[in-house]
Amino acid sequence: MVSNIEADLSATFGALADPTRRAILARLASGRATVSELARPFEMSGPAISKHLKVLERAGLIQRGREAQWRPCQLDAVPLRNAARWLEDYRRFWEASFQRLDDYLRDLQAKNKRASQAKDKKHGRKK
């Protein structure tokens, strides 16, 4: 069974998978916009933009209002914050992994240096 958190993350990452939807979110980060304003930079039909907006809306990434004949959209960043928190755990994991690798490589270099010095000493070479 998929939890609500997992379903929300799946919807968020699914919505973010498309470059057009990411561009729409980037535009909305600077403030509200109408559907026609959001469609302007893209060479696609109104129904195609509407489909992208529906995906974003279902993922909870945008809210669409109604003001007279306008349908302004605005960013809702809560799902992005939740995704960032989820990713943060993996960032810490990778940082710790890289630190262990760095420590291992440093130890390996030190061992190689000691072995090389011992070999040089054995053969009477000086550096």
Are Val78 and Leu53 connected, step by step, through hydrophobic side chains (Ile, Leu, Val, Met, Phe, Trp, Tyr) whose heavy atoms are closer than 4.5 Å?
-> no
Just how far is it from atom CG of Leu108 to atom CG of Asn112, taken to the nearest 0.5 Å?
-> 5.0 Å
side-chain contact (heavy atoms from CB on, under 4.5 Å) between Phe93 and Asp89, worked out = CA-CA 6 Å; Phe93 166 79; Asp89 292 335; over 6 Å; no
Applying the side chain to side chain contact (heavy atoms under 4.5 Å, CB included) test to Leu61, which of Asp76, Leu25, Ile24 qualifies?
-> Leu25
Heavy atoms of Thr34 and Glu37 approach each other most closely as N-OE1, 2.7 Å
Gly60 and Pro79 have their tightest heavy-atom pair at O-CG, 3.3 Å
Mind listing the closest non-hydrogen atom pair of Ala29 and Leu75 along with its distance?
-> CA-CD2, 3.9 Å
Closest non-hydrogen atom pair, Gly14 against Arg21 | O-NH2, 3.4 Å
Report, as yes or no, whether the 6.0 Å neighbourhood of atom CG on Leu105 holds more than 12 heavy atoms from other residues, nucleotides or ligands.
-> yes
Hey, could you give me the CZ/CD distance between Arg32 and Gln63, rounded to the nearest 0.5 Å?
-> 10.0 Å
Single-linkage hydrophobic cluster Tyr90~Leu9, side-chain heavy atoms < 4.5 angstrom | yes
Under-4.0 Å salt bridge between Lys111 and Asp107 | no
When rounded to the nearest 0.5 angstrom, what distance separates CG in Leu38 from SG in Cys73?
-> 5.5 Å
Correct closest heavy-atom pair for Leu56 and Ala15 would be CD2-CB, 4.0 Å
side-chain contact (heavy atoms from CB on, under 4.5 Å) between Phe13 and Leu87: does it pass, once the steps are laid out?
-> CA-CA 11 Å; Phe13 286 120; Leu87 288 169; 4.1 Å; yes
Can you tell me how far the OG atom of Ser45 sits from the NZ atom of Lys51, to the nearest 0.5 Å?
-> 8.0 Å
Closest heavy-atom pair, His52 versus Asp18, reported as atoms and distance to 0.1 Å, is CE1-OD2, 3.3 Å
For the pair Asp103 and Arg100, evaluate salt bridge (Lys or Arg N to Asp or Glu O under 4.0 Å) and give the outcome as yes or no after the intermediate values.
-> CA-CA 5 Å; Asp103 293 343; Arg100 285 191 306 273; over 6 Å; no
Rounded distance (nearest 0.5 Å) linking atom CD of Gln109 with atom OG of Ser116 = 13.0 Å
Would you say Ile49 and Leu28 are hydrophobically clustered, going by side-chain heavy atoms of ILVMFWY under 4.5 Å?
-> yes
